[in-house]
Amino acid sequence: MFQYHFSTNLVEQLLSFAGNAFVHNKKDVLIHQDEPLTKLILVRSGTVSFSYDVGNGRRLLLGQLDCNNTLIGEIEALNNQPCIYTVTCLSDVQYNLIELKHWRQLLLDKPELSLYTAQTIAAKFAENQKINLDKLLLPLSYNIAKDCLLRAENNNPTLLRAYPTVNAEAERFATTERAYRRVVTELVDKGLIVRSSEGLKPVDLDALEEFVDSFAQI
């Protein structure tokens with residue numbers, strides 16, 4: 001499931017098809033993994049989390065998204081497949097529902113919207129693919145350091161926010177809490193990062209970047 005922030009003009013067009021506004025409370029599930037999607041969700045405000053459960057007690061957390069007229073469910077709306085992720089509210093969430101037929105007709109009527117949608121989905125897919133391949137093929141120390149570096153550089157507007165708890169961060173890196181703590185401690189001992197109330201922070205951006213780049217030379 002991919003999501004992106006829309007222009008004011010597009011939001012107005014989508015809302016012309018929307019009915020009443022709804023509110024979900026913190027901890028409510030907005031969408032369940034593997035369930036059919038019957039309507040698109042235009043989240044007007046609130047924070048949500050994306051997760052994928054493999055059914056053996058383990059799950060992958062993708063991160064937190066602070067929504068601002070954010071559309072959720074385009075992929076499912078286009079390919080008629082069940083929901084990829086579970087979407088959970090981390091705050092009170094206000095949203096509208098959009099009938100799939102209206103969204104599809106809007107894409108047919110406005111080629112520029114179709115192109116924008118395709119470009120956005122393709123960019124998000126490529127970004128997620130790169131992150132997931134790195135998690136599969138590169139050490140946990142690389143992935144944690146790279147994530148810390150990207151957040152410090154703050155030049156990736158589609159990057160989902162990290163979580164405030166260690167166990168959730170471990171699930172975001174598809175590992176155990178024990179392994180996550182061990183690797184973070186190793187990076188701290190190397191003088192590359194520090195723990196803070198706002199999460200992991202680089203000590204020296206150049207040194208952290210050099211550490212990340214060193215994995216390409218192995």
Side-chain angles (χ1 to χ4, degrees), residues 1-5 26-27 43 45-54 57-68 70 72 84-91 93 120-218:
M1 189 172 305
F2 298 86
Q3 65 292 324
Y4 45 94
H5 299 289
K26 183 178 180 179
K27 296 185 179 181
V43 182
S45 63
T47 301
V48 299
S49 172
F50 296 83
S51 62
Y52 182 82
D53 193 327
V54 295
R58 296 189 64 187
R59 66 173 180 169
L60 174 68
L61 295 180
L62 274 70
Q64 304 182 81
L65 178 64
D66 297 319
C67 298
N68 174 23
T70 300
I72 297 177
I84 303 172
Y85 303 117
T86 292
V87 181
T88 305
C89 301
L90 298 184
S91 70
V93 170
T120 305
I121 290 175
K124 191 62 182 175
F125 173 81
E127 176 188 323
N128 280 356
Q129 186 80 337
K130 175 68 166 60
I131 291 173
N132 291 333
L133 288 173
D134 282 349
K135 287 179 180 177
L136 180 65
L137 299 173
L138 288 164
L140 182 58
S141 58
Y142 167 89
N143 286 294
I144 293 176
K146 180 66 177 294
D147 183 83
C148 187
L149 182 63
L150 288 175
R151 294 180 188 285
E153 292 174 340
N154 197 29
N155 57 7
N156 189 341
T158 62
L159 192 66
L160 299 184
R161 281 203 296 117
Y163 295 95
T165 62
V166 172
N167 64 316
E169 280 294 88
E171 289 185 309
R172 189 166 68 86
F173 287 97
T175 189
T176 63
E177 184 175 339
R178 180 178 180 179
Y180 177 83
R181 288 183 182 276
R182 175 179 55 78
V183 171
V184 168
T185 298
E186 290 174 358
L187 293 173
V188 170
D189 291 344
K190 290 178 184 291
L192 296 173
I193 64 173
V194 293
R195 299 180 179 91
S196 76
S197 59
E198 298 178 349
L200 303 179
K201 299 291 184 182
V203 173
D204 184 325
L205 278 176
D206 290 337
L208 187 60
E209 185 172 9
E210 184 178 345
F211 174 79
V212 169
D213 290 343
S214 69
F215 286 88
Q217 303 168 12
I218 296 176

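Only this structure's heavy atoms are used, side chains among them; waters, hydrogens and symmetry mates stay out.
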Colleague: Under the ring pair (Phe, Tyr, Trp, His ring centres under 6.0 Å) rule, what pairs show up with a residue in residues 128-150, not counting sequence neighbours?
Modeller: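 Found Y142-F215.
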Colleague: Can you tell me how far CG of L187 sits from CZ of F211, rounded to the nearest 0.5 angstrom?
Modeller: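 F211 atom CZ to L187 atom CG measures 5.0 Å (nearest 0.5 Å).
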Colleague: Would you please name every residue forming a side chain to side chain contact (heavy atoms under 4.5 Å, CB included) with T88, sequence neighbours left out?
Modeller: V29, T86
Colleague: Checking R58 now: which residues fulfil salt bridge (Lys or Arg N to Asp or Glu O under 4.0 Å) with it, not counting sequence neighbours?
Modeller: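 Not a single residue meets the salt bridge (Lys or Arg N to Asp or Glu O under 4.0 Å) criterion with R58.
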Colleague: Go through the structure and list residues passing side chain to side chain donor-acceptor pair (under 3.5 Å) with T185, not counting sequence neighbours.
Modeller: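 Residues passing side chain to side chain donor-acceptor pair (under 3.5 Å) with T185: R195.
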Colleague: Report all side-chain donor-acceptor pairs from residues 130-138 shorter than 3.5 Å, counting only partners two or more places apart or in another chain.
Modeller:
{"from": "K130", "atom 1": "NZ", "to": "D134", "atom 2": "OD1", "distance (Å)": "3.4"}
{"from": "K130", "atom 1": "NZ", "to": "D134", "atom 2": "OD2", "distance (Å)": "2.7"}
{"from": "N132", "atom 1": "ND2", "to": "N128", "atom 2": "O", "distance (Å)": "3.1"}
{"from": "K135", "atom 1": "NZ", "to": "R172", "atom 2": "O", "distance (Å)": "2.5"}

Colleague: Please identify each residue that fulfils side chain to side chain contact (heavy atoms under 4.5 Å, CB included) with A207, with sequence neighbours left out.
Modeller: L192, D204
Colleague: Walk me through whether Y85 and I72 qualify under side-chain contact (heavy atoms from CB on, under 4.5 Å).
Modeller: CA-CA 11 Å; Y85 303 117; I72 297 177; over 6 Å; no
Colleague: Of all residues at least two apart in sequence or in a different chain, which pass the side chain to side chain contact (heavy atoms under 4.5 Å, CB included) check with S196?
Modeller: E198, K201
Colleague: Once side chain to side chain donor-acceptor pair (under 3.5 Å) is applied, do any residues pair with Y163, and if so which ones, sequence neighbours excluded?
Modeller: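 Y163: side chain to side chain donor-acceptor pair (under 3.5 Å) contacts with S49.
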Colleague: Applying side-chain contact (heavy atoms from CB on, under 4.5 Å) to L208 and V203, what does each step give before you reach the verdict?
Modeller: CA-CA 8 Å; L208 187 60; V203 173; over 6 Å; no
Colleague: Between CZ of R151 and CG of L200, what distance do you get to the nearest 0.5 Å?
Modeller: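 Here the interatomic distance stands at 9.5 Å.
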Colleague: How long is the span from the CG atom in L61 to the CZ atom in F173, to the nearest 0.5 Å?
Modeller: 11.5 Å
Colleague: Nearest 0.5 Å, what's the OH-CD1 distance between Y52 and I84?
Modeller: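 Answer rounded to 0.5 Å: 9.0 Å.
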Colleague: Taking the side chain as every heavy atom from C-beta outward, state whether P202 and E209 have any atom pair closer than 4.5 Å.
Modeller: no
Colleague: Determine yes or no for a side-chain-to-main-chain donor-acceptor pair under 3.5 angstrom, with T70 supplying the side chain and N68 the backbone.
Modeller: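 At least one qualifying donor-acceptor pair exists.
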Colleague: Suppose we screen for side chain to side chain donor-acceptor pair (under 3.5 Å). Which residues come up paired with E171, at least two apart in sequence or across chains?
Modeller: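 For E171 the side chain to side chain donor-acceptor pair (under 3.5 Å) partners, ignoring immediate neighbours, are R59.
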Colleague: Can you list the residues that meet the side chain to side chain donor-acceptor pair (under 3.5 Å) rule with E186, with sequence neighbours excluded?
Modeller: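 Only R182 meet the side chain to side chain donor-acceptor pair (under 3.5 Å) criterion with E186.
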Colleague: With rounding to the nearest 0.5 Å, note down the distance linking SG in C148 to CD in E153.
Modeller: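 These two atoms lie 10.0 Å from each other.
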Colleague: Spell out, as yes or no, whether a donor-acceptor pair under 3.5 Å connects the side chain of N143 to the backbone of P139.
Modeller: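 Answer holds: yes.
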Colleague: Check whether any side-chain N or O of T47 sits under 3.5 Å from a backbone N or O of S91 as a donor-acceptor pair, and report yes or no.
Modeller: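 A pair under 3.5 Å: no.
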Colleague: Answer whether the closest heavy-atom distance between the side chains of C67 and V93 falls below 4.5 Å.
Modeller: no
Colleague: Mind checking what makes salt bridge (Lys or Arg N to Asp or Glu O under 4.0 Å) contact with E177, not counting sequence neighbours?
Modeller: R181
Colleague: How long is the span from the CG atom in L160 to the CD atom in E127, to the nearest 0.5 Å?
Modeller: 7.5 Å
Colleague: Filter on ring pair (Phe, Tyr, Trp, His ring centres under 6.0 Å), then keep only pairs touching residues 187-209, sequence neighbours left out; what's left?
Modeller: none
